[in-house]
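Before anything else, here's the structure in question.
Letters A, B, ... are given to chains in the order of the sequence lines, protein chains preceding strands, and every chain is numbered from 1.
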Amino acid sequence: MSGRGGRSETRWAAAILAGFAVLALVPLAAPRDDVLNFLLVILLSITLAESWNIVAGYAGQVNLGHAAFFGIGALVARTLWIDGTPIAAATAAGALLATLSALVIGVAAFRLRGAYFAIGTLALGEISRTTVGNVLAEISTLPTATISTYRLTHRYYVALGLAAVSVAVVAALARSRLGLGMEAVREDEEAAEASGVGALRLKLTALALSAALAGLAGGLFAYYHISYYPSHPFSPHWTFDAVLMTFIGGVGTLHGPVLGAVLYVVLKEYLAVRWVDFHLLIFGALFVAIVLVLPGGLVQAAARLRGAWRR
Amino acid sequence: MPLLEVERVSKAFGGVRAVSDVSVSLEEGELLGIMGPNGSGKTTLFNCIAGALSPDEGRIRLDGHDITGLSPHRICALGIARTFQLVRPFGGLAALDNVLVGRLFGRRRHDGGAHVEAERLLALVGLEGRAAVPAAQLTLIDRKRLDLARALATGPRLLLLDEFLAGLNPAETETAMALIRRLLAGGTTILMIEHIVWALADLSRRLVVLSAGEKIAEGPPAAVAADPAVVDVYLGTPRAGRGRA
């Protein structure tokens, strides 16, 4: 990274978006549902990972309650949609509510720093999951009329669009004054304040932006799944998936979460087929190893390899 | 009107009065040195002025406006910038980005030309050619320079330097002092904490000495050095019955 040029970010954004353009052709070329479903999960994961990356990777605030925003987006979108609101408007409403709740939660949670912030947000996430699970214990299933007109291709394109939007948002952020301020807060909050950065405002902005994208992803979840328990999208595994993907790829970079999401979903699929839940153990160990040995993830590993090659 | 007025400021941590009833004032364009033994409250006083701490008692005014207890980023925007005793650059960011943070956030109005200005400041402190280097990879002296460049990028009227010369070798000290003189000549007002007495005596026309949180002396360097209270703090009082009383 040489100054705010952000040239490498722009190149990566272009490469990723070009990859998405190719993915847009997949449904046209003899689509198989299992292929589309698999790609959709990857795209949804990219959106979730990039959204978590904004608050944790750029602003340096390890939010472990991320699933709450995904869940709120899903809950609002699903409820309004089933009541007859067009899915786009319902999703927008869900994202808006996720953003607003991020601001409210942020004002309280940002009184905590570091590990305490992480623990506090984890608790808030669990409170939201338990509450939704108790109030809405019934499974949510789409009406028969909706199921009969269900088209996987539509969901696929929504997922593709959202992933593209989240990559574009992070790319723009990485080049902006706002993104620079967030990185300053991540590096040293006190020194950032002394340099004129209003840390609380930037942290709230990061959390709100992150929640908006997670809320949109929740809307996609509500649109995609035919039936699920309303508390399911509030489950902490959505948070920890995003954490793992972002760290595996490279936290605080544009392309890291994308690489991490692809690798994570592919590996998880492969491992789950062979060993069912054993993948949890493997990813847990992998996470510890990465944090200890390679805190910059795949992106850092690639940079090291390049360095060694040149030498 | 003085540029900075610190009026009877006190700050306690639990039962320890780190700063006790200290008043200091600074005219525009002046360099005032603050000295005192370790733990005498110098950095606490700095933190009160810069907003990192809120004083328990007393007022702090910049240009007549009360800034007591404002948050650090607002005080920075009003024109007070600081460096840290233990340097605190943004380690993961390139040197140029460090300076850009100050430039883009530390002023109430920001205009174009931030990149050019940031490059100019890097050159001013002697970091030309290191713009792309992550701050964490710079040497100590270079990180100090970077801290200063970042502070200057906020366009300060008053610069707080906390032991800026500590840890520098004689040649580096000379360079740093020349830089401070250039800043003074350029109209920046400077308040500096320093242990290197000869450097302070050389740079400032007025010194303040703190001890155990209280101001025990103030005046021209020669007068302060001869002040019995200052001699007592630094060298101790001869015990009765031994030598001259």
Side-chain angles (χ1 to χ4, degrees), chain A residues 1-9 53 56-61 107 110-111 113 173-206 247 250-254 256 294-297 299-300 303-304 307, chain B residues 46-47 49-53 70-84 86-108 110 114-115 118-119 122 130-136 146-147 149-156 160 162:
Chain A
M1 194 176 13
S2 68
R4 277 291 96 180
R7 266 175 230 102
S8 85
E9 266 94 357
N53 187 36
Y58 284 89
Q61 309 300 310
V107 167
F110 283 133
R111 291 171 177 275
R113 297 266 174 101
L173 186 70
R175 305 197 44 147
S176 69
R177 170 178 179 268
L178 189 65
L180 178 64
M182 288 178 189
E183 289 186 84
V185 171
R186 174 193 71 202
E187 295 293 320
D188 187 332
E189 187 166 336
E190 199 183 322
E193 274 275 338
S195 311
V197 179
L200 179 63
R201 225 176 88 187
L202 286 198
K203 288 193 286 187
L204 283 174
T205 308
F247 268 93
V251 65
T253 65
L254 170 68
L294 205 67
V299 171
Q300 188 190 2
R304 276 194 195 166
Chain B
F46 257 35
N47 282 333
I49 297 171
L53 293 172
L70 291 184
S71 57
H73 71 270
R74 293 195 50 199
I75 289 180
C76 176
L78 290 172
I80 299 183
R82 71 176 300 179
T83 65
F84 292 90
L86 301 169
V87 284
R88 300 176 76 161
F90 306 124
L93 300 187
L96 185 68
D97 284 345
N98 270 264
V99 182
L100 277 174
V101 171
R103 169 74 198 193
L104 293 174
F105 286 89
R107 314 172 166 225
R108 264 184 294 185
H110 40 88
H115 254 92
E119 299 263 15
L122 282 180
R130 328 278 336 242
V133 180
L146 186 58
D147 242 21
R150 183 178 66 190
L152 290 175
T154 68
L160 309 178
D162 196 348

- Query: Pick from B:Thr154, B:Val99, B:Val101: which one has the most heavy-atom pairs with chain A under 4.5 Å?
  - Reply: B:Val101

- Query: Atom CG in A:Leu200, atom NE2 in B:His73: separation rounded to 0.5 Å?
  - Reply: 8.5 Å

- Item | A:Glu187 versus B:Gly92, closest heavy-atom pair with distance |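 That closest heavy-atom pairing would be OE1-N, 2.8 Å.
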
- Item | Closest contact, heavy atoms only, A:Ser195 versus B:Phe90 | OG-CZ, 4.2 Å

- If every non-hydrogen atom of B:Cys76 is compared with every non-hydrogen atom of A:Ala194, which pair is closest and at what distance? SG-O, 3.3 Å

- Query: Is any side-chain heavy atom of A:Asp188 closer than 4.5 Å to a side-chain heavy atom of B:Phe84?
  - Reply: no

- Message: Which heavy atom of A:Ala191 sits nearest to which heavy atom of B:Arg150, and what is that distance?
- Response: CB-NH2, 3.7 Å

- Task: Measure B:Ala50 against the heavy atoms of chain A and call it side chain, backbone, both or neither at under 4.5 Å.
- Result: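 Contact with chain A is absent: no heavy atom of B:Ala50 under 4.5 Å.
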
- Query: What closest approach, in Å, do A:Glu183 and B:Leu93 show between heavy atoms, and which atom pair accounts for it?
  - Reply: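 Smallest heavy-atom distance, with atoms named: OE1-CD2, 3.6 Å.
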
- Message: When you compare the side chain of A:Arg177 with that of B:Phe105, does any pair of heavy atoms fall below 4.5 Å?
- Response: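 Result yes, sub-4.5 Å side-chain heavy-atom pair found.
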
